[in-house]
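Values reported hereafter were calculated over all heavy atoms of this structure, with side chains retained and with hydrogens, waters and symmetry mates removed.
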Amino acid sequence: WPYTDAVVALALAAFIVPRAIRLAGEALRIVVQSAPPSIDVAALTRDLGALPSVTDVHDVHVWTLTSGMDVASVHLVSEASRTADVVRAAQRLLREHGLSHATVQVEDGAGGQCGSEW
């Protein structure tokens with residue numbers, strides 16, 4: 001049958017092209033460091049703000065570092081005297097949101113916003 005090569009080539013292309021497009025989209029999302037679609041950043045920010053002694057949440061950044069590794073960095077303003085407790089509570093919450101690797105910075109409530117000394 002003279003069309004065998006063409007039919008097989010089209011069948012292979014139909015199998016490969018959608019997967020290649022999906023893989024390219026995932027790679028592009030990693031390169032531009034966009035938030036993973038599985039993480040609701042607004043809900044995460046709200047939940048962090050609801051932690052005890054946290055008075056403000058800012059500079060929340062969530063991105064995919066590499067395939068299967070989502071990371072975050074957050075700045076929290078807190079009146080608590082023991083910032084280690086605030087960090088532990090925030091990291092626990094971040095893990096609940098699927099972020100096992102996160103950097104949490106706690107600032108005091110005395111107006112010491114990050115970068116204000118620049």
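- Residues Pro18 and Ala13 approach most closely at CD-O, 4.1 Å, considering heavy atoms.
- Thr55 places a side-chain N or O within 3.5 Å of a backbone atom of Val77 that can act as its donor or acceptor partner.
- In this structure, CD1 in Ile16 is found 12.5 Å from CG in Leu23, a value given to the nearest 0.5 Å.
- In this view, Arg22 and Arg19, Glu26 satisfy the side-chain contact (heavy atoms from CB on, under 4.5 Å) rule, not counting sequence neighbours.
- To the nearest 0.5 angstrom, Glu107 atom CD is 8.0 Å from Asp56 atom CG.
- The line from NE2 of His97 to CZ of Arg92 is 13.0 Å long, rounded to the nearest 0.5 Å.
- Expressed to the nearest 0.5 Å, how far OG of Ser53 lies from CG of Asp85 amounts to 8.5 Å.
- Members clustered with Val106: Ile39, Val41, Leu44, Leu48, Leu51, Val54, Val57, Val60, Val62, Val74, Leu76, Val86, Val87, Leu93, Leu94, Leu99, Val104, by chain and number, using a 4.5 Å side-chain heavy-atom cutoff among hydrophobic residues.
- Side-chain contact, Gln105 with His58: no donor N or O sits under 3.5 Å from an acceptor N or O.
- Hydrophobic cluster membership for Leu28: Val32 (Ile, Leu, Val, Met, Phe, Trp, Tyr linked by side-chain heavy atoms under 4.5 Å, directly or transitively).
- Counting all heavy atoms, side chain and backbone alike, Arg29 lies closest to Pro36 at NH1-CA, 3.6 Å.
- Cluster annotation: Trp63 is connected to Met69 through the hydrophobic network of ILVMFWY side chains, with a link wherever side-chain heavy atoms come within less than 4.5 Å.
- Looking only at distances, no side-chain donor or acceptor of Thr103 sits under 3.5 Å from a matching main-chain atom of Ser73.
- Here the CD atom belonging to Glu96 is positioned 12.5 Å from the CD atom belonging to Gln91, to the nearest 0.5 angstrom.
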